[in-house]
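Only one structure is covered here, and it is reproduced in the block below.
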Amino acid sequence: MDRSASKKLQERIRFQAIDLFLSGLTPTRVALQLEVCPSAVCLWIRLFKSHGREALLAKHQMGHPKFSSQAHLQDIRLLLEKDPQCYGSKKLHWTGPAIVRALKTKWGIAIHPKYIYRWLDRNGLKGILGQKSKPSAPTDHKHK
C-alpha cells in the first residue's frame, strides 16, 4: 500500500471513530470496534470537538518541500535573477539564508539552508551564490 493510500485509510478510520462516538458509543467501545488504541480515539474526539472534521484530515508529510518539478525549478531560477535586496537581504549577492527567506516570503516555503545548497548544486544553480574569494596561491618570499 502506498503512503497516500495509507493516509487516506487512517483518515477514514478517524472519521468512522467520530461517527461511532456521535452515535453514542464510548471511546473505549469505538477503539475496540475499530481495533485502534483508545488514547488515539480520545485524541481524535478532542481534535474534532475543538477544530471540527478538518482536524482529522490526513496531514502533509513533514520535512522539506519537494522541489522536483520543473515549475519549481523555473520559479526559483526567476527568483534568483532578481536582486536579493528585493527580498530583504542586505547582501548584494544571493546566499543560502537569503534564498530561504525569499522562498518563505514569496511562497511560504520553510526550508533549511543546507538543503538549499544541495538542491542548487544538483540543479546547476550553485554558481548563483556569491562566491567567497579564493585564497591566493602562496608566494615564495625566499630571496636569492
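Just so we're clear, the structure is a prediction, and the values are computed from it rather than from any experiment.
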Next on the checklist: Any carboxylate oxygen within less than 4.0 angstrom of a Lys/Arg side-chain nitrogen, looking at Glu11 and Lys8?
Outcome noted: yes
Item to check | Co-membership, hydrophobic cluster, residues Leu32 and Phe21, 4.5 Å side-chain | outcome: no
Next on the checklist: Return the NZ to CG distance between Lys49 and Leu47, rounded to the nearest 0.5 Å.
Outcome noted: 12.0 Å
Checklist entry - CD1/Ile45 to CG/Leu56 distance, rounded to the nearest 0.5 angstrom? => result 10.0 Å
Checklist entry - Would Arg12 and Asp19 pass as an ion pair if we require N to O under 4.0 Å? => result no
Item to check | Cluster check Leu34, Leu9: I/L/V/M/F/W/Y, side chain < 4.5 angstrom | outcome: yes
Item to check | Crowding at CZ, Arg29 (>12 non-hydrogen neighbours, <6.0 Å) | outcome: no
Checklist entry - Which pair of non-hydrogen atoms, one from Ile18 and one from Trp44, has the smallest distance, and what is that distance? => result CD1-O, 3.7 Å
Checklist entry - Which heavy atom of Cys42 sits nearest a heavy atom of Pro27, and at what distance? => result SG-CB, 3.9 Å
Checklist entry - Roughly how far, to the nearest 0.5 Å, is OG1 of Thr26 from CG of Leu20? => result 10.5 Å
Checklist entry - After noting the C-alpha distance and the side-chain angles of Phe48 and Leu22, does the key distance pass the side chain to side chain contact (heavy atoms under 4.5 Å, CB included) rule? => result CA-CA 11 Å; Phe48 171 74; Leu22 292 175; 4.0 Å; yes
